[in-house]
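Here is the structure we will look at, set down as structure tokens.
Numbers restart at 1 for each chain; the letters A, B, ... are given by sequence-line order, proteins then strands.
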Amino acid sequence: MPELPEVETNARNLRRYARGKRIVAVTPPPGRRELGGLAPKAFAARVAGHVVEEVTRRGKWILCRLDGGAGLGLHLGMTGKIAAARGDEELPRFTRAVFALDDGARVCFVDSRRFGKLFAAGYAQLLERPEIARVGPDALSEVSVEELARILAASRRTVKEVLLDQTRLSGVGNLYATEALWRAKIHPAKPARALSAAQVRALHRGIRDALKHGLRTYASEDVPEYIEEGAPNPFHAYDRAGEPCHRCKTTLKSMVIGGRTSAFCPACQLRR
DNA sequence: AACGGAACCTGAAAGC
DNA sequence: TGCTTTCAGGTTCCGT
């Protein structure tokens with residue numbers, strides 16, 4: 001589920017659970033694949049015993065600064081989330097790693113599909129890891145209209161692909177790219193460099209509004225789930241192919257761009 | 001450099 | 001009912 005709003009919500013939750021607390025024991029995932037190649041025991045040894053001093057977000061990464069110059073970087077992948085179990089509460093299904101804190105809480109890294117990442121390293125080295133160092137400016141707080149215009153003008157790819165490129169701007173994934181383009185009335189397959197100045201402004205607003213809508217939707221302690229059992233889809237275009245456009249009632253279509261499904265309105269999202 | 005496609009995993013839902 | 005196929009919110013890697 002995790003794009004900027006969901007990662008931000010998970011980071012806030014983790015901050016509330018863990019900031020100022022000491023990690024007294026770590027149960028790592030069984031293999032190295034989520035750990036950036038590090039052995040599970042080595043991962044646990046690097047993290048255990050440290051106090052969590054600060055939890056921040058960089059694009060879709062959650063960064064924990066630990067005492068003594070240590071660091072922990074978390075990426076939620078496709079299905080990751082942070083949860084906490086207290087007392088003798090049962091751990092959530094698909095818990096892959098557990099961080100026991102000195103207040104008795106157990107913070108869980110839950111990730112059914114196992115595309116998530118847990119990197120343990122010195123904090124400075126963590127920031128230098130290519131996966132993290134490559135992350136571009138934050139789509140919500142660091143990309144002005146002018147900067148967005150430069151980013152789009154510099155690419156020959158479609159606008160949708162640029163929005164998904166975390167090195168250009170970070171935090172937007174398939175869901176919010178779909179939403180932002182619908183809000184801006186721009187066809188996802190339009191070449192990025194072909195947007196007019198007015199379209200760039202509309203897209204900038206569309207990105208911010210879509211992300212803020214996501215933050216409002218998920219601004220609770222509850223684990224974010226974009227569609228829970230029976231809950232209505234809170235989005236305008238994402239996962240709505242075949243349904244009427246919320247603006248013009250035209251049936252939304254879907255196409256694959258950059259390997260990702262993109263729903264859009266063929267009538268009001270302009271290709272030119 | 002750029003682009004498409006496969007790969008990495010696993011679960012849920014849809015299809016038959 | 002049960003087996004098979006398809007699809008999924010992310011990212012990297014590889015061959016052309």
Side-chain angles (χ1 to χ4, degrees), chain A residues 1-11 29-37 57-62 73-82 92-97 109-119 129-136 139-140 151-182 188-189 191-193 207 210-211 213-215 217-218 222-242 254-264:
Chain A
M1 69 209 66
E3 299 181 35
L4 188 154
E6 298 82 10
V7 176
E8 177 64 27
T9 300
N10 276 276
R32 305 179 175 235
R33 52 172 314 283
E34 292 109 314
L35 302 176
R57 181 183 60 76
R58 174 103 191 265
K60 298 177 189 173
W61 283 90
I62 297 172
L74 304 174
H75 193 293
L76 301 176
M78 206 81 132
T79 53
K81 59 193 170 193
I82 305 291
R93 195 180 172 201
F94 309 127
T95 292
R96 306 298 185 192
F109 187 88
V110 183
D111 182 18
S112 68
R113 209 170 157 189
R114 298 182 59 205
F115 285 162
K117 294 279 184 285
L118 304 93
F119 291 170
R129 288 205 55 138
E131 298 92 328
I132 297 173
R134 270 201 299 263
V135 171
L140 189 57
I151 291 168
L152 294 167
S155 175
R156 316 181 69 133
R157 292 181 294 168
T158 64
V159 59
K160 174 84 182 294
E161 289 172 293
V162 174
L163 293 181
L164 294 181
D165 183 345
Q166 301 299 299
T167 70
R168 309 292 187 133
L169 73 169
S170 65
V172 176
N174 198 38
L175 194 161
Y176 290 98
T178 297
E179 290 300 292
L181 289 163
W182 182 87
R193 52 173 33 179
I207 292 168
L211 292 175
H213 173 262
L215 279 169
T217 304
Y218 298 133
D222 302 334
V223 175
E225 294 284 355
Y226 95 91
I227 291 180
E228 303 190 27
E229 293 303 311
N233 175 353
F235 303 107
H236 290 294
Y238 178 77
D239 201 27
R240 286 196 187 278
S254 158
M255 65 188 294
V256 176
I257 300 167
R260 315 297 299 281
T261 298
S262 302
F264 65 98

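- Checking the phosphate oxygens (OP1, OP2) of C/dG10, a side-chain nitrogen or oxygen of A/R260 falls inside 4.0 Å.
- Note: A/E8 CD to A/L215 CG = 6.5 Å, rounded to the nearest 0.5 Å.
- Distance, A/L175 CG to C/dC7 P: 18 Å, rounded to whole Å.
- Annotation: the span from A/L76 atom CG to A/F115 atom CZ amounts to 14.0 Å, rounded to 0.5 Å.
- Looking only at distances, a side-chain donor or acceptor of A/R240 sits under 3.5 Å from a matching main-chain atom of A/F235.
- Under a 3.5 Å cut-off, the side chain of A/E3 and the backbone N or O of A/L175 do form a donor-acceptor pair.
- Rounded to whole Å, the distance from CD1 on A/I257 to C1' on B/dG5 is 16 Å.
- In this structure, CD of A/Q166 is placed 8 Å from C1' of C/dG10, rounded to the nearest angstrom.
- Side-chain nitrogen and oxygen atoms of A/K60 include at least one within less than 4.0 Å of the OP1 or OP2 phosphate oxygen of C/dT11.
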Can you give me the N/O atom pairs linking the protein to nucleotides 7-11 of chain B at distances under 3.5 Å, or say none if there are none?
| unit_1 | atom_1 | unit_2 | atom_2 | d |
| --- | --- | --- | --- | --- |
| B/dC9 | OP1 | A/R33 | NE | 3.1 |
| B/dC9 | O5' | A/R33 | NE | 3.3 |
| B/dC9 | O3' | A/R114 | NH1 | 3.3 |
| B/dC9 | O2 | A/R113 | O | 3.2 |
| B/dC9 | O2 | A/R113 | NE | 3.1 |
| B/dC9 | N3 | A/R113 | NE | 3.3 |
| B/dT10 | OP1 | A/R114 | NH1 | 2.8 |

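- Per the geometry, CD belonging to A/E3 stands 9 Å off P belonging to C/dT11, to the nearest Å.
- Spacing between C/dC14 and B/dC9 at atom P, rounded to whole Å, works out to 15 Å.
- For A/R156, the CZ atom is loosely surrounded, since the number of other residues' heavy atoms within 6.0 Å does not exceed 12.
- Considering only side-chain N and O atoms, A/Y176 lies nowhere under 4.0 angstrom from the phosphate OP1 or OP2 of C/dG9.
- Remark: the backbone N or O of A/A11 is not paired with any side-chain donor or acceptor of A/R57 at under 3.5 angstrom.
- Close to C/dT11, at under 4.0 Å from its OP1 or OP2, lies no side-chain N or O of A/K117.
- Between A/L4 atom CG and C/dT11 atom P there is a gap of 11 Å when expressed in whole angstrom units.
- For A/H75, a side-chain nitrogen or oxygen approaches OP1 or OP2 of C/dT11 to under 4.0 Å.
- We find that CZ of A/R168 is positioned 12 Å from P of B/dA1, with the value rounded to whole Å.
- If you run side chain to side chain contact (heavy atoms under 4.5 Å, CB included) between A/I82 and each of A/D111, A/T9, A/N10, only A/N10 comes through.
- One can place CG of A/L169 at 13 Å from P of C/dG10, the figure rounded to the nearest angstrom.
- Here the separation of B/dA14 from C/dG9, taken at their P atoms, is 16 Å to the nearest Å.
- Atoms CH2 (A/W61) and P (C/dG10) sit 14 Å apart, rounded to a whole Å.
- Partner assigned to B/dC9 is none, using Watson-Crick or G-U wobble distances below 3.5 angstrom.
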